[in-house]
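All heavy atoms count here, side chains included; hydrogens, waters and symmetry mates do not.
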Amino acid sequence: MHSNHLLIEEPIRMISILEPSKASFFPAMTKIVGTLGPKSRSVDVISACLKAGMSVARFDFSWGDPEYHQETLDNLKEAVKITKKLCAVMLDTVGAEMQVVNKSEKSISLEADGQVVLTPDRGEEASSEILPINFDGLAKSMKMGDTIFVGQYLFTGSETTSVWLEVSEVTGHDVICTIKNSATLAGSLFTLHASQVHIDLPTLTDKDKEVISTWGVKNKIDFLSLSYTRHAEDVRQAREFLSKLGDLSQTQIFAKIENVEGLTHFDEILQEADGIILSRGNLGIDLPPEKVFFFQKSALYKCNMAGKPAVLTRVVDTMTNNLRPTRAEATDVANAVLDVDIVGSDAILLGAETLRGLYPVETISTVGRICAEAEKVFNQDLYFKKTVKYVGEPMTHLESIASSAVRAAIKVKASVIICFTSSGRAARLIAKYRPTMPVISVVIPHLMTNQLKWSFSGAFVARQSLIVRGLFPMLADPRHPIKLHKVAGIWGSGTKLFSFIATAHEAESTSATNESILKIALDHGKASGVIKSHDRVVVCQKHGDASVVKIIELED
């Protein structure tokens, strides 16, 4: 592959500039993760999803083959170019998921009080009497009275499309269950969940590793959603695996908490992971209903205080088939974003609603509007004091700078905070203190070579900001005019990349260079509508070895 492919195609793949409309670029501070699938994989629909507010695209490998997902991702790339909207890529693993395979794809009707056998015999045809599963050790883990749930695309909550089973007998490798509710299972694949039972399956399966090392490497995935994370060691093993896969050493790992086992080890998992996904579909059946809210509040608070993104799932299930959410769902979205004691999640993850739902674009738009309304009544002063108290003293240098930038922005009523960063850490720390105004993270990349090809750092950092609440990235051009002629053969003459916002940066950045990049960032802020004449802007940047927070009052 010629080296200019990496330099030109990679940034175009995901990095874009600010759009000239505040309403379209900042619909809400809370981010939206959309799962792409049958109803949301065309260029037109994905483009509409991006315009509606989706900033991370999730690819769920518990169904579909790599070729199918590649076609969808290629359409995403095209939609990004068309809309000039930023979007990151999340690969969701299968993990320790038990599945029922329905080869005939005929609907299966199960009647309440009847019996059904779960068997590891893959040769059996799925029917109302027997369900073949992909795990040989289920019988060893189950006992009389245990609860099992079976449904398509996890559990909808509907008593007609998911079935609740109670173990009545274990015979050899088979588990005989009493059916607790009448239901019709439709489709080729159903997920099976044994409530509060340890299942001896690896968190990162051989199939997951193959997908990551092929599809994931090819597409330079930004996030790995590690399904069924149960221990901190799961995250460590996944990180060690990624570290051997070139660019994927920069991929962030989000631990997906789906059962009581993951909640039990939540604190140590949070320490190891880059972020957390609370998968309320499985958690909602692994926990008593009256306990779900408590664990949600506790987990979100811990993520907030640690400054690590928290993502919440299963908020508007009914929008899979309806144009409007229920009043309870609308309230749930708002509570996910905002609470009396905590600020809530960084992002909302939409699964079936966008994957196979009838209204993917409307769902994203509706959730975005609810989030924006909830954010208007956020008590930032209370949250800031709580966070500062939690961090304690003495603060680290970077934590002090980040909190000072937010405090200054609140005091002077700044319209925006602009943060210069190369690793993204400073910008994420600022976002941790939840300023009420957007944080524009200007990522300064570095042009690098291994003598075989040229590349630049920064694209991962910029895209990974797209899951952090209130953080909106911009990527500076790594090319310095002085150095450009030296790599002219690589860049090609007259090449223009819409993805870059600045045109000058060296390893030893000068004050003049910083000022020129700041001017371009301010100009784009004005074009986007977030900065107006006479507004105040807080800027956080490095000058030599010192970190500086300054307040700028703009003229006409």
Side-chain angles (χ1 to χ4, degrees), residues 11-32 47-55 79-88 365 368 372 375 405 409 412-421 424 427 430-431 435-445 458-459 461-463 465-466 468-479 481 495-505 512-541 550-556:
I12 287 181
R13 180 171 80 92
M14 291 297 164
I15 306 300
S16 179
I17 59 174
L18 289 178
E19 290 295 294
S21 167
K22 180 178 179 180
S24 63
F25 193 77
F26 296 114
M29 305 280 269
T30 306
K31 304 301 176 62
I32 297 176
S47 296
C49 288
L50 292 171
K51 290 177 181 178
M54 180 181 77
S55 63
V80 166
K81 290 179 184 178
I82 292 169
T83 62
K84 298 184 181 179
K85 291 286 186 182
L86 289 146
C87 191
S365 179
E375 290 160 6
V412 303
K413 291 182 169 55
S415 57
V416 71
I417 298 173
I418 296 177
C419 175
F420 288 67
T421 183
I430 288 174
T436 52
M437 66 291 296
V439 179
I440 297 178
S441 171
V442 180
V443 180
I444 308 294
V461 171
R463 293 194 300 267
S465 301
L466 294 170
V468 181
R469 182 168 170 168
L471 204 52
F472 299 90
M474 302 170 77
L475 183 62
D477 190 335
R479 299 169 294 170
T495 299
K496 289 185 179 179
L497 303 182
F498 68 77
S499 51
F500 293 124
I501 64 154
T503 56
H505 181 71
T513 298
N514 280 339
E515 290 306 313
S516 69
I517 296 176
L518 175 59
K519 183 180 183 305
I520 294 170
L522 289 170
D523 287 344
H524 281 282
K526 292 174 184 175
S528 72
V530 296
I531 301 175
K532 302 183 294 297
S533 298
H534 304 295
D535 274 3
R536 290 171 178 171
V537 174
V538 169
V539 180
C540 183
Q541 64 186 129
K550 61 183 180 182
I551 301 167
I552 299 173
E553 187 157 352
L554 302 178
E555 300 175 354
D556 290 332

Review point. If every non-hydrogen atom of V80 is compared with every non-hydrogen atom of L50, which pair is closest and at what distance?
Key: N-CD1, 4.0 Å
Exercise for review: Compare every heavy atom of A405 with every heavy atom of I417, then report the nearest pair and how far apart it is.
Suggested key: CD1-O, 4.2 Å
Point to revise | Nearest atoms (heavy-atom pairs only) where V442 meets A521 | key: CG2-CB, 4.1 Å
Review point. Between CD1 of I418 and CG of L522, what distance do you get to the nearest 0.5 Å?
Key: 4.5 Å
Exercise for review: Report the C-alpha distance between L518 and K550 in whole Å, list the side-chain angles of each, state the deciding distance to 0.1 Å, and finish with yes or no for side chain to side chain contact (heavy atoms under 4.5 Å, CB included).
Suggested key: CA-CA 12 Å; L518 175 59; K550 61 183 180 182; 4.2 Å; yes
Point to revise | Side-chain (E375) to main-chain (A28) donor-acceptor, under 3.5 angstrom | key: no
Practice item. Mind listing the closest non-hydrogen atom pair of C87 and M54 along with its distance? Key: SG-CE, 4.3 Å
Review point. What's the spacing between E553 CD and D535 CG if we round to 0.5 Å?
Key: 9.0 Å
Point to revise | Check: S55 side chain, L466 main-chain N or O, donor-acceptor pair, under 3.5 Å | key: yes
Check your understanding: Which atom pair, heavy atoms only, marks the closest approach of G53 to I32?
Key -> O-CB, 3.9 Å
Practice item. Of all the heavy-atom pairs spanning M474 and I440, show the shortest one and how long it is. Key: SD-CG2, 3.0 Å
Check your understanding: Donor-acceptor pair, K413 side chain versus R536 backbone, under 3.5 Å?
Key -> no
Practice item. Return yes if some donor-acceptor pair links the side-chain N/O of K31 with the main-chain N/O of S465 below 3.5 Å, else return no. Key: yes
Review point. Looking at residues at least two apart in the chain, or sitting in another chain, which of them share a side-chain contact (heavy atoms from CB on, under 4.5 Å) with V461?
Key: V443
**Study point:** Inter-residue atom distance S533.OG - K526.NZ, 0.5 Å rounding
**Key:** 6.5 Å
